[in-house]
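Taking it in order: structure first as structure tokens, then the write-up.
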Amino acid sequence: MTVQLHNPAGVAAPFSRYSHGASAPAGARWLHISGQVGATPDGTIPDDAERQFELAWDNLFAVLADAGMAVTDLVKVDGFITRPDLVPLYRTVRERRLGGYATASTLVVVAGLAVPSLLVEIQAVAAR
């Protein structure tokens, strides 16, 4: 099954590499991935923002692979970061990690996450 991306004419172009919408065909198997954070397997949270972003993507992709799915099965990705100055870095890492795939996406700057030292949390929905 193929996820179809939607970027209709008459809507402003996305501000970075994402699509305004994504749909999956009827009968698809859905996977909802809980928010993944920038922590190592032993629970260590690095101080470095880029390392946290990479780990969050590593963790998300591990859940995706465990379900037998790939990046192109992603329908929606939501990112939560704790500082506005992290937006460019988040976008750069996201675009590199998604390899040009422009799933539907939302990015929100929040006051904080469940653990104060966390800088990023990424949740996703996939379908196959």
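Everything quoted here is computed from the prediction, not taken from an experiment. Basis for what follows: all heavy atoms, side chains included, without hydrogens, waters or symmetry-related copies.
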Kindly say whether L5 contributes a backbone atom to a donor-acceptor pair with the side chain of H20 at under 3.5 angstrom? no
Under the 3.5 angstrom rule, does the side chain of D73 hit a backbone N or O of R128 as a donor-acceptor pair? no
To the closest 0.5 Å, what do you measure between OG1 (T40) and CG (N59)? 8.5 Å
Are any of the side-chain heavy atoms of V110 and I81 separated by less than 4.5 Å? no
Side chains of L89 and E50, heavy atoms from C-beta outward: is any pair under 4.5 Å? yes
Spell out, yes or no, whether V108 and L113 are grouped together once hydrophobic residues are joined by side-chain heavy atoms under 4.5 Å, including indirect joins. yes
L107 CG to D78 CG distance, which is reported to the nearest 0.5 Å: 9.5 Å
Supply the atom-to-atom distance I33 CD1 to Q123 CD, rounded to the nearest 0.5 angstrom. 10.0 Å
Would you say the ring centers of F53 and W57 fall short of 6.0 Å from each other? no
Heavy-atom count around D85 CG within 6.0 Å, excluding the residue itself: above 12? yes
Taking all non-hydrogen atoms of both residues into account, name the closest pair between Y90 and G79 and its distance. OH-CA, 3.4 Å
Dump the intermediate steps for side chain to side chain contact (heavy atoms under 4.5 Å, CB included) on L118 and T82, then the final yes or no. CA-CA 8 Å; L118 289 171; T82 59; over 6 Å; no
Atom pair OG (S34) and CG (L60), whose distance is rounded to the nearest 0.5 Å: 10.0 Å
What closest approach, in Å, do R97 and D58 show between heavy atoms, and which atom pair accounts for it? NH2-OD1, 2.7 Å
Hydrophobic clusters here meaning ILVMFWY residues chained together by side-chain heavy-atom distances under 4.5 Å, can you tell me if V115 and I122 are in one? no
Minimum-distance pair of heavy atoms, taken over all atoms of A39 and I45: CB-CG1, 4.2 Å
Taking the side chain as everything from C-beta on, heavy atoms only, tell me whether F61 gets closer than 4.5 Å to V71. yes
Which atoms form the tightest heavy-atom contact between L55 and P46, and what is the distance? CD1-CG, 3.6 Å
For the pair S19 and H6, evaluate side chain to side chain donor-acceptor pair (under 3.5 Å) and give the outcome as yes or no after the intermediate values. CA-CA 6 Å; S19 294; H6 304 275; over 6 Å; no
Residues A127 and A28: closest non-hydrogen pair is CB-CB, 4.0 Å
Any chance you could lay out the side chain to side chain contact (heavy atoms under 4.5 Å, CB included) test for V3 and Y101, step after step, and finish with the verdict? CA-CA 11 Å; V3 172; Y101 183 64; 3.4 Å; yes
Minimum heavy-atom separation for S16 to R94, with atom names? OG-NH2, 2.6 Å
Report whether L64 and Y18 are members of the same hydrophobic cluster (ILVMFWY, side-chain heavy atoms less than 4.5 Å apart, transitive linking). no
If two hydrophobic side chains count as joined below 4.5 Å and joins carry through other members, does V93 share a cluster with L74? yes
Would you say the side chain of T103 lies within less than 4.5 Å of the side chain of L98, judging by non-hydrogen atoms? yes
Close side-chain approach of V37 and V120, heavy atoms under 4.5 Å: no
In Å, rounded to the nearest 0.5 Å, how long is the span from CG of L119 to CD of Q52? 4.0 Å
Measuring from R96:CZ to E54:CD, what's the distance to the nearest 0.5 Å? 4.0 Å
Are any non-hydrogen side-chain atoms of K76 and T106 less than 4.5 angstrom apart? yes
